[in-house]
Structures are given as C-alpha cells and as structure tokens.
Amino acid sequence: MARKILVVEDEALIADAVAARLRSEGYEVQSAADGPSGVEHARRWEPDLVILDLMLPGLDGLEVCRRIQKDRHLPVLMLTARDDETDLVIGLAVGADDYLTKPFSPRELVLRVQAVMRRSLGEFTVEAPFEVGEFHLDPSARIVRRHGEAVPLSGREFDLFAFFLKHPRRAFTREELLRSVWGWDFGDLSTVTVTVRRLREKTEPDPANPTRLRTVWGVGYRFDPDGAA
Ligand code: CA
C-alpha cells in the first residue's frame with residue numbers, strides 16, 4: 001500500500017510541485033492550504049508523514065505540529081524560510097523530525113522524506129526493555145522512565161536519548177550523532193546541541209550542571225548512567 005503524505009503549505013506553487021514530485025515517487029499525497037485544515041486532515045486521513053510549512057494562515061506550523069503530535073508521534077518534515085531560524089529551533093523542540101530550508105531541490109525533498117520514512121519504519125521493530133542507571137528504556141513502546149516516572153520526550157528527543165542509553169560511557173561527536181540518530185550525512189550541528197539541551201532539561205537533576213549527559217570538550221557528548229560528579 002502506498003505511503004501517505006500530507007502537504008500543509010499555503011503557497012500553491014510549492015504545494016503543487018511538492019505533491020507532483022512525491023506522487024511520481026509513488027506516494028499518495030493530499031494537501032491542505034492553512035493550519036486548521038492541516039490539523040483536521042491529519043486527524044481524519046492519518047498520513048504516514050506530514051510536510052509542514054512554518055508560516056501558514058490560521059495556525060502557524062509550530063501550533064499545527066503540536067496539535068497533530070498530541071496523541072501520537074507523527075513524522076513531520078518542516079519547511080522554513082531562511083530567516084525562520086528561531087522558529088525552527090522551536091519546531092525541532094515541539095517534535096518535528098527534520099526540516100528543509102526554502103528554496104530546496106525536488107531531489108533534496110525526496111531524500112529527506114525517504115530518511116524520515118525509514119526512521120519511522122524502524123519504530124516498528126521490537127526491542128526488549130532494559131535498565132541503565134536510574135533510567136528504564138522501552139524502545140518498542142518509545143518510553144523512557146526515570147525512577148519509575150515517564151519522561152515526556154518528543155520523537156527526536158526520544159531517539160537521541162535512546163541512542164545514549166544504548167551506548168553508555170562512550171563519547172560521540174555531534175557529526176556522529178547527526179548521522180546515527182538523524183540519518184543525515186551533513187546538516188546543521190546545532191540541531192544536536194538544541195536537542196541535547198532539551199534532554200538535559202528533562203532528565204538532569206540540575207540541567208545547568210549536567211552529570212548524565214556530559215559535554216566532552218573538543219569531542220561532543222557522553223552519557224554517564226551513574227551520574228558521578
Ligand atoms: Ca507559507
């Protein structure tokens with residue numbers, strides 16, 4: 001069965017070009033031209049992925065992203081203009097999986113869509129839950145618990161934290177994390193920095209002085225399950 005992609009974009013030229021290209025790649029595509037109808041469409045049609053413009057009439061892309069992610073993780077690829085950097089950071093924080101800056105090439109779009117799809121398919125493989133330090137990871141249910149309490153994580157935050165829990169006490173560069181967790185061979189390294197910061201806020205006793213997700217100067221990050229000072 002063809003995978004379903006919802007395109008939420010108010011610029012008709014872009015929406016049509018994106019839809020045509022994705023259809024030629026074998027995807028089933030529907031479009032919405034404003035925020036509220038994007039939310040409505042996502043609920044009713046249950047797409048496998050949403051391509052979401054940041055600047056939309058009615059509700060902006062960030063709010064649309066929040067609403068469609070309320071009940072379940074739905075892969076989101078955000079479209080942004082070059083000046084939307086702050087919004088973009090928020091976008092990645094509210095649960096977008098990836099983004100493309102306009103103007104982008106059709107080939108870039110298809111590659112990003114394929115990467116997000118691959119990653120979300122990976123969510124269906126069954127992996128046994130395990131404990132690391134004070135954390136309990138259930139990869140298949142996509143739940144992290146700390147002292148028995150579920151930690152609320154967005155899609156990408158979960159992926160990154162699960163990666164650290166699976167590879168404790170090993171330092172990784174931001175490039176390695178971008179490749180292993182995001183599936184990008186190149187991209188903005190601040191994406192990793194921002195996600196680590198969000199994770200610290202949610203998992204560290206004192207986020208300003210992290211003892212679990214540590215910065216390894218000149219390298220990147222390392223997860224220390226014991227949280228030794
Ligand atoms: Ca727009």
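In each ligand, atom 1 is the first atom listed, and ligand 1 is the first ligand listed.
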With R67, which residues qualify under salt bridge (charged side-chain N to carboxylate O under 4.0 Å, His left out), at least two apart?
-> E63
How many protein atoms of type N/O/S are positioned less than 3.0 Å from the Ca ion (ligand 1)?
-> 3
V219: which other cluster members, linking ILVMFWY side chains closer than 4.5 Å, directly or transitively?
-> V216
Name the orientation class of the two ring planes belonging to W45 and H41 (parallel below 30°, tilted from 30 to 60°, perpendicular beyond 60°).
-> perpendicular
Using the six-membered ring wherever Trp is involved, compare the ring planes of F223 and F164 and label them parallel, tilted or perpendicular (cut-offs 30° and 60°).
-> tilted
Just jot down the ring pair (Phe, Tyr, Trp, His ring centres under 6.0 Å) partners of F158, sequence neighbours excluded, or say none.
-> none
Does a donor on one side chain and an acceptor on the other come within less than 3.5 Å for D188 and T191?
-> no
